[in-house]
Undergrad: 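Please see the structure below; I have some questions.
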Amino acid sequence: MRRNLPSRSHYAAEVKPELDGSRVSLIGWVHEIRDLGGIKFILLRDVSGICQVTVRKENLPQQLLEKIEDIGSEDVVYVEGLVKNQPKARLGVEVILEKIDILSRASRPLPYDVTGKVSAGIDTRLDHRILDLRNPENNAIFKIADTVLAAAREFFRMNNFIEVRTPRIIVTATEGGAALFEVKYFDSKAYLAQSPQLYKEELVTVFERVFEIGPFFRAEESHTRRHVSEFTSIDIEAAFLDLYGVMEILERLIVHIYKRVIEERSKELELLSIDLKVPELPFPRYTYDDMLKELKDSGMELEWGEDFGTEHLRILGEKHKGYYFITHFPTKSKPFYIQPCEDNPELSESFDLMYSWIELASGGTRISDRKLLEKRLIEQGLNVKAFEYHLKVYDYGMPIHAGWGLGLERLLMVLVNKNNIREVILFPRDKFRLTP
RNA sequence: GCCCUGGUAGUAUAGUCCGGUUAGUAUACGGGCCUGUCGAGCCCGGGACCCGGGUUCAAAUCCCGGCCAGGGCGCCA
């Protein structure tokens with residue numbers, strides 16, 4: 001026997017003045033109740049938004065009134081009633097209740113206030129994340145994230161990229177540097193991938209242009225508002241392009257995402273009080289040397305070859321408020337697979353995409369010559385033998401190629417103007433949080 | 001890993017410096033009043049000093065240790 005499932009005639013946000021006089025049925029969660037005695041207002045929330053259900057007690061049978069007295073915040077209810085234009089209601093329309101069924105009860109009191117009347121710290125919010133996400137302002141972030149992901153996939157397909165999936169369980173470090181999580185893999189040790197770097201480079205010899213959107217893991221002991229242990233990377237790799245080609249793809253992707261979010265998520269942007277403007281192309285480009293000079297002019301000397309610290313980036317961010325690229329970093333500050341410049345091997349064909357002082361993406365031209373790659377592995381103190389499977393691919397015809405990795409959550413922080421990365425991750429993971 | 005700050009009802013906070021009545025407020029929750037609320041309003045109620053040790057006549061308050069949390073640095077997306 002099939003279950004008898006509750007069904008609605010309309011979503012809450014579809015209850016508009018044009019429906020005046022018609023009968024509707026709604027299903028949702030009780031967002032808020034305001035009881036004025038003879039009249040009672042129930043704000044009913046579903047995925048589309050909130051609608052006001054009005055209870056006029058005078059004409060209702062006792063049995064129904066008792067049922068209404070019994071409902072509480074976050075109960076799941078089915079409601080039937082007549083739509084009525086109502087200038088006194090903020091939305092200009094309300095549903096006069098005729099029938100209500102409680103489909104599921106929420107406990108009382110709830111451990112967390114969904115309506116957001118009392119502010120809560122990020123830790124408390126994350127402890128009660130599901131309730132926290134019911135707040136329309138908070139779930140708007142993830143509706144925007146949905147559009148960002150859809151827009152990115154759409155953009156990549158328009159540009160002949162093929163979506164690939166590379167292993168999350170790997171046998172060795174791909175880049176050295178970042179700390180890896182160790183996992184038990186049957187009778188041996190394995191690690192959680194920190195990047196798809198080597199796989200996507202290998203795959204350009206098959207598909208020419210690949211992209212991957214997926215989670216990666218860093219076991220860093222970071223304790224900041226912009227680091228977590230599990231994050232989402234939007235990665236591309238493309239044959240027959242160098243850093244300039246993939247920088248163009250990156251800035252055009254950002255613009256495409258902005259356009260789609262503005263088109264499809266105006267309501268969510270409004271909820272978050274964000275006035276999103278499509279950034280202008282091209283994004284400004286500066287070299288590492290340019291930035292060193294800028295820092296010097298600001299009274300902050302940095303020795304050539306040193307990577308920028310947060311202190312330096314904050315100064316650069318003061319001056320460059322929006323998106324901009326920094327290119328041609330010193331080779332020694334970059335991973336082994338980055339192509340050194342032909343005319344000056346101390347510099348590399350690398351770039352970072354910045355937004356103010358935040359690093360959003362980094363990438364560059366990759367080394368496509370096996371000999372050079374081996375030399376760089378040795379220079380960085382890595383074990384060449386461990387990379388044998390990867391190095392072999394360079395013997396099978398490896399074209400010049402370039403790519404980048406973009407931090408999805410970092411981009412979201414910029415889009416929705418949040419200064420803690422945990423706000424834009426449904427269930428964030430960091431050194432101190434493994435639940436919920 | 002290093003550094004700074006904090007831990008008081010479900011939540012957010014006042015009080016802590018300078019130890020001393022019943023630990024205050026808001027909101028949530030329960031009860032009452034209220035026919036146009038939309039941060040509803042008014043009245044009533046229950047609900048808290050992170051844990052352990054020390055100092056003291058007396059500790060939310062001072063000291064030590066632990067645990068937990070927020071943030072910064074390094075590293076990076």
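Note on naming: letters A, B, ... go to the chains in the order of the sequence lines (proteins, then strands), and numbering restarts at 1 for each one. Values below: all heavy atoms of this structure, side chains included; hydrogens, waters and symmetry mates excluded.
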Undergrad: Roughly how far apart, to the nearest Å, are B/A9 and B/A48 at atom P?
TA: 9 Å
Undergrad: Looking only at the side chains, is there a donor atom on one of A/His312 and A/Glu306 sitting less than 3.5 Å from an acceptor on the other?
TA: no
Undergrad: Could you tell me which non-hydrogen atom of A/Pro111 sits nearest to which non-hydrogen atom of A/His128, and how far apart they are?
TA: CB-CE1, 3.6 Å
Undergrad: If I pick the P atom on B/A60 and the same atom on B/G53, what distance separates them, to the nearest angstrom?
TA: 14 Å
Undergrad: If you find the nucleotide of RNA chain B closest to A/Ser229 and the one closest to A/Trp357, which residue's nucleotide is nearer the 5' end?
TA: A/Trp357
Undergrad: What verdict does the side chain to side chain contact (heavy atoms under 4.5 Å, CB included) test give for A/Asp70 and A/Arg105, after you've listed the backbone C-alpha separation in whole Å, the side-chain angles of each residue and the deciding distance to 0.1 Å?
TA: CA-CA 10 Å; A/Asp70 200 29; A/Arg105 279 174 206 280; 2.8 Å; yes
Undergrad: I need the NZ-P distance between A/Lys40 and B/A40, as an integer number of Å.
TA: 14 Å
Undergrad: Report yes or no: do A/Thr287 and A/Asp290 form a side-chain donor-acceptor pair below 3.5 Å?
TA: yes
Undergrad: Please tell me if A/Arg314 has a side-chain N or O lying less than 4.0 Å from either OP1 or OP2 of B/C73.
TA: yes
Undergrad: Given atom NE2 of A/His227 and atom P of B/G74, what is their separation to the nearest angstrom?
TA: 9 Å
Undergrad: Using both distances under 3.5 Å as the test, list the Watson-Crick or G-U wobble partner of B/U25, or none.
TA: B/A12
Undergrad: Over all strands shown, is A/Leu36 touching base, sugar-phosphate only, or nothing at heavy-atom distances under 4.0 angstrom?
TA: base
Undergrad: Figure out the CD1/C1' separation between A/Ile96 and B/U35, and round it to whole Å.
TA: 12 Å
Undergrad: Out of B/A77, B/C75, B/C73, which has the shortest distance to the side chain of A/Glu220?
TA: B/C75
Undergrad: Taking all non-hydrogen atoms of both residues, which atom of A/Val246 and which atom of A/Trp404 are closest, and how far apart?
TA: O-NE1, 2.8 Å
Undergrad: For the rings on A/Phe283 and A/Tyr324, is their centre-to-centre separation under 6.0 Å?
TA: no
Undergrad: Tell me whether the side-chain N/O atoms of A/Thr310 come closer than 4.0 Å to OP1 or OP2 in B/G74.
TA: yes
Undergrad: Quick one: look up who B/G6 pairs with, Watson-Crick or G-U, both distances under 3.5 Å, and put none if it's unpaired.
TA: B/C68
Undergrad: With a 3.5 angstrom cut-off on both distances, give the Watson-Crick or G-U wobble partner of B/C18, or none if there isn't one.
TA: none
Undergrad: Using a 4.0 Å heavy-atom cut-off across all strands, classify A/Gly407 as base, sugar-phosphate, or nothing.
TA: sugar-phosphate
Undergrad: Does A/Thr124 put a side-chain nitrogen or oxygen below 4.0 Å from OP1 or OP2 of B/U11?
TA: no
Undergrad: When all nucleic acid strands are considered with a 4.0 Å heavy-atom cut-off, which category describes A/Gly309: base, sugar-phosphate, or nothing?
TA: sugar-phosphate
Undergrad: My understanding is that a pair needs two contacts under 3.5 Å, Watson-Crick or G-U wobble. By that rule, which nucleotide pairs with B/U37?
TA: none
Undergrad: Nearest whole angstrom, please: distance from the P of B/U37 to the NE2 of A/His31.
TA: 19 Å
Undergrad: Would you tell me whether A/Glu94 and A/Thr54 have side-chain atoms, one donor and one acceptor, within less than 3.5 Å of each other?
TA: yes
Undergrad: When we call it a touch if two heavy atoms are under 4.0 Å apart, what does A/Thr232 touch: a base, just sugar-phosphate, or nothing?
TA: nothing
Undergrad: Please give the distance between the C1' atoms of B/U27 and B/G46 as a whole number of Å.
TA: 15 Å
Undergrad: Return yes if some donor-acceptor pair links the side-chain N/O of A/Ser333 with the main-chain N/O of A/Asp307 below 3.5 Å, else return no.
TA: no
Undergrad: Is A/Tyr112 stacked on the base of B/G10, with ring centres under 5.5 Å apart and planes under 30° apart?
TA: no
Undergrad: To the nearest Å, give me how far apart CG (A/Asp132) and P (B/A12) are.
TA: 11 Å
Undergrad: Would A/Asp132 and A/Arg129 satisfy salt bridge (charged side-chain N to carboxylate O under 4.0 Å, His left out), going step by step from the backbone distance to the final call?
TA: CA-CA 5 Å; A/Asp132 181 55; A/Arg129 189 53 153 164; 2.7 Å; yes
Undergrad: Which comes earlier along RNA chain B counting from the 5' end, the contact point of A/Lys334 or that of A/Ser222, where each point is its nearest nucleotide?
TA: A/Ser222
Undergrad: Would you indicate whether A/Tyr11, at its atom OH, is surrounded by more than 12 heavy atoms from other residues, nucleotides or ligands within a distance under 6.0 Å?
TA: no
Undergrad: Could you measure between the two C1' atoms, the one in B/G1 and the one in B/U61, and give it in whole Å?
TA: 33 Å
Undergrad: Considering only nitrogen or oxygen atoms on both sides, find all protein atoms under 3.5 Å from nucleotides 26-32 of chain B and state each distance.
TA:
from	atom 1	to	atom 2	distance (Å)
B/A28	OP1	A/Lys117	NZ	2.8
B/G30	OP1	A/Arg108	NH1	3.1

Undergrad: Taking the same atom, C1', in B/G20 and in B/U25, what whole-Å distance lies between them?
TA: 23 Å
Undergrad: Pick the P atom in B/G6 and in B/A14, then give their distance to the nearest Å.
TA: 12 Å
Undergrad: Nearest whole Å is fine: how far is B/C76 C1' from A/Lys431 NZ?
TA: 17 Å
Undergrad: Can you tell me the distance, in whole Å, between the CG atom of A/Asp127 and the P atom of B/C50?
TA: 18 Å
Undergrad: Protein-nucleotides 67-70 of chain B N/O pairs closer than 3.5 Å?
TA:
from	atom 1	to	atom 2	distance (Å)
B/A69	OP1	A/Phe432	O	3.3
B/A69	O3'	A/Asp123	OD1	3.4

Undergrad: Any donor-acceptor pair under 3.5 Å linking the side-chain atoms of A/His390 with those of A/Glu201?
TA: no
Undergrad: Given B/A77, is OP1 or OP2 found less than 4.0 Å from the side-chain N or O atoms of A/Ser233?
TA: no
Undergrad: B/C29 and B/G72: how far apart are their P atoms, nearest whole angstrom?
TA: 34 Å
Undergrad: Ignoring hydrogens and geometry beyond distance, is the side chain of A/Arg410 in donor-acceptor contact with the base of B/C76 at under 3.5 Å?
TA: yes
Undergrad: I'd like to know if A/Asp123 and A/Arg422 make a salt bridge, using a cut-off of under 4.0 Å between side-chain N and carboxylate O.
TA: no
Undergrad: Taking only the P atom of each, what is the distance from B/A59 to B/C51 in whole angstrom?
TA: 15 Å
Undergrad: Ignoring hydrogens and geometry beyond distance, is the side chain of A/Glu359 in donor-acceptor contact with the base of B/C76 at under 3.5 Å?
TA: yes
Undergrad: Just the rounded figure in Å: distance from P of B/C75 to CD1 of A/Ile358.
TA: 15 Å
